[in-house]
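Let me begin by presenting the structure, written as structure tokens, before commenting on it.
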There are 2 protein chains.
Amino acid sequence: MNCQECLHKVCAISRLRPDELERIGKNCSRVRYKAKEKVFKQGTPASHLIYIKSGLLKSHFIESNDKEIIIDLFYDNMFLGMHSIYTGGVHQYSATVIQDAELCFIESSAFRDVVINNGGFAAEMMAATCSDSMHVFHRLRSMIRKQLPGRFAEAILIFSDEIFMSDQFTLPLSRNELAEFLGSTRESVTRTMTEFRNDKIIELNGKDVRILTKELLKTISELG
Amino acid sequence: MNCQECLHKVCAISRLRPDELERIGKNCSRVRYKAKEKVFKQGTPASHLIYIKSGLLKSHFIESNDKEIIIDLFYDNMFLGMHSIYTGGVHQYSATVIQDAELCFIESSAFRDVVINNGGFAAEMMAATCSDSMHVFHRLRSMIRKQLPGRFAEAILIFSDEIFMSDQFTLPLSRNELAEFLGSTRESVTRTMTEFRNDKIIELNGKDVRILTKELLKTISELG
DNA sequence: TCGAGAATGTGATACAGGTCACAGTTTTTT
DNA sequence: AAAAAACTGTGACCTGTATCACATTCTCGA
């Protein structure tokens, strides 16, 4: 497996020495996934860390009833499953593909070996993990303080600024998944969306979104 | 500063070599704090990592209005501020003492040096950080799915099982702080509490709590 | 190509809990 | 010891959004 090509993209990987890169590469397999495929399931043994070469995934909790809760979204050049690797070796959440993805499965023992032997790499991974966690902490804040329009505006901004880097994009989530991401229900999300369209804040056509007044979106997101 | 005595309490610290322990110890100062004192404030430079020798603290976001949001609670033998150390060197949240505490301030550059040079220590710190983050992820889940009685029951169980290790304890939070922890308001928390008392689930006298039917609490917490 | 199941929009209704107002109590300050 | 400030309980009211029910419209496999 050729990990070289990921070198320039992920800061942490550039910290690896050639032999470590090989150690990881040898215990790493790249796999293509299609949308809706489950990558790993909460409760199963966490044998691998996932590196996302391309695509979009969600981490989510499985609930007793049918509803799920999306913890966060993961995309190009991110690692997924760190919390599971370091918490008893059992997956703490599920991961499912949202948009076709290319994933590298890194054997967790190989990964841990490298962390132990290379503190610089460990530090970079720590930084990445802390950053990911902070993102969820802010989502906690949003859930508590903001009401639906604020949370929806925030989500649109995340798609626009963090994921697609464009004011115009196709929503990768169904209305139902959007509800799971926003901690709401399908119906309420629908209503909020038509509301936003009527108010000329976004142009909305099925899953196609175009942001009309980004400033207003920011205001709504901040005021909740 | 004598870090030896913390050695047997915190797994990560036992990974340190004598010289590293000294490096940390030299750049570490222990300070007593009284309840309500602020340890660090969101937005300020993150120069130190906090080790909690004893006491109870909260990490919290500061909101534009007066209300706060308690992200999580920290107590004996936990580290606080890891996310800030590894995310741009600025504190990502505030930390305030709830019950008188003894804190060790570990110089962040010394800490980072040790992490880089000692992968075993890095791995342990990663484990601790991931575990703390997972706790917040579960709180996110609770905020979204459960309603107030469920969240309150959960909080009582956290106090009982994770913090005080007893069915009988004195609430360390005011009604208002409890509301900030539960993502609610003072009034609603009060009402929920009297409800629980009337239903003979807990005995309640000011801040003194005694759990009467733990099983019921668990059920309420799980069903939301 | 057709049918079945999933995804979406929309109305009517219910209710958990936020907000406001006020009173009593406890704690802190001077 | 008096005054101020913070904390707590309780009632009345209002609102955001969950829930239920149904009609349409897509999607994709047989």
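Per chain, numbering begins at 1; letters A, B, ... match sequence-line order. Note that the structure is predicted; figures quoted are calculated from it, not measured.
Here C/dG11 presents its P atom at 13 Å from CD of A/E195, a figure rounded to the nearest Å. Separating the CD1 atom of B/I144 from the P atom of D/dA18 is a distance of 11 Å, rounded to the nearest angstrom. Spacing between atom CD of B/E180 and atom C1' of C/dG18 amounts to 15 Å, rounded to whole angstrom units. A straight line from CG of A/N176 to C1' of D/dT25 spans 17 Å, rounded to a whole angstrom. Separating the CG atom of B/L148 from the P atom of D/dA18 is a distance of 16 Å, rounded to the nearest angstrom. Between the CD atom of B/E187 and the P atom of D/dA12 there is a distance of 15 Å, rounded to whole Å. Atom CG in B/L173 sits roughly 12 Å away from atom P in D/dC7 (whole-Å rounding). Remark: P of C/dA16 and CZ of B/F152 are 18 Å apart, rounded to the nearest angstrom.
The side chain of B/S188 sits closest to C/dG17 out of D/dT17, C/dG17, D/dC20. Considering only side-chain atoms of A/Q147, the nucleotide from C/dT10, D/dT17, C/dG18 that sits closest is D/dT17. Nearest to the side-chain atoms of A/R175 among the listed nucleotides D/dT17, C/dT8, D/dT19 stands C/dT8. Nearest to the side chain of B/P149, among D/dT10, D/dG16, C/dG17, sits C/dG17.
Heavy-atom contacts from other residues, nucleotides or ligands closer than 6.0 Å to NZ of B/K41 number 12 or fewer.
Taking the nucleotide of DNA chain C with the nearest heavy atom to each of A/G206 and B/K67, the more 5' of the two is matched to A/G206. Comparing A/R186 and A/G183 by the nucleotide of DNA chain D whose heavy atom lies nearest to each, the residue mapping closer to the 5' end is A/G183. Closest-nucleotide positions on DNA chain D for B/R191 and B/K207 were compared, and the one nearer the 5' end corresponds to B/K207.
OP1 or OP2 of D/dA6 has not a single side-chain nitrogen or oxygen of B/S174 nearer than 4.0 Å. Distances shown here put a side-chain N or O of B/T190 below 4.0 Å from the OP1 or OP2 atom of D/dG9. Within the structure, every side-chain polar atom (N or O) of B/K36 is placed at least 4.0 Å from both OP1 and OP2 of D/dA6. Neither OP1 nor OP2 of C/dG9 sits under 4.0 Å from any side-chain N or O of A/T194. Remark: B/T185 is not in phosphate contact with C/dG17, judged by side-chain N or O atoms under 4.0 Å from OP1 or OP2.
Note: A/F40 and A/Y93 have tilted aromatic rings, judged against thresholds of 30 and 60 degrees for the angle between ring planes.
Using a 4.0 Å heavy-atom distance criterion, B/K146 is classed as making no nucleic acid contact.
Remark: the A/E154 side chain and the A/H138 side chain contain no N/O donor-acceptor pair separated by less than 3.5 Å.
Under the salt bridge (Lys or Arg N to Asp or Glu O under 4.0 Å) rule, B/R141 has a single partner from A/E63, A/E180, A/E68, which is A/E63. A ring-ring contact (aromatic ring centres under 6.0 Å, His included) with A/F79 is found for one member of A/F105, A/Y86, A/Y51 and no other, namely A/Y51.
Both cation-pi conditions hold for A/R139 and A/F181: the charged atom is under 6.0 angstrom from the six-membered ring centre and inside a 45 degree cone around its axis.
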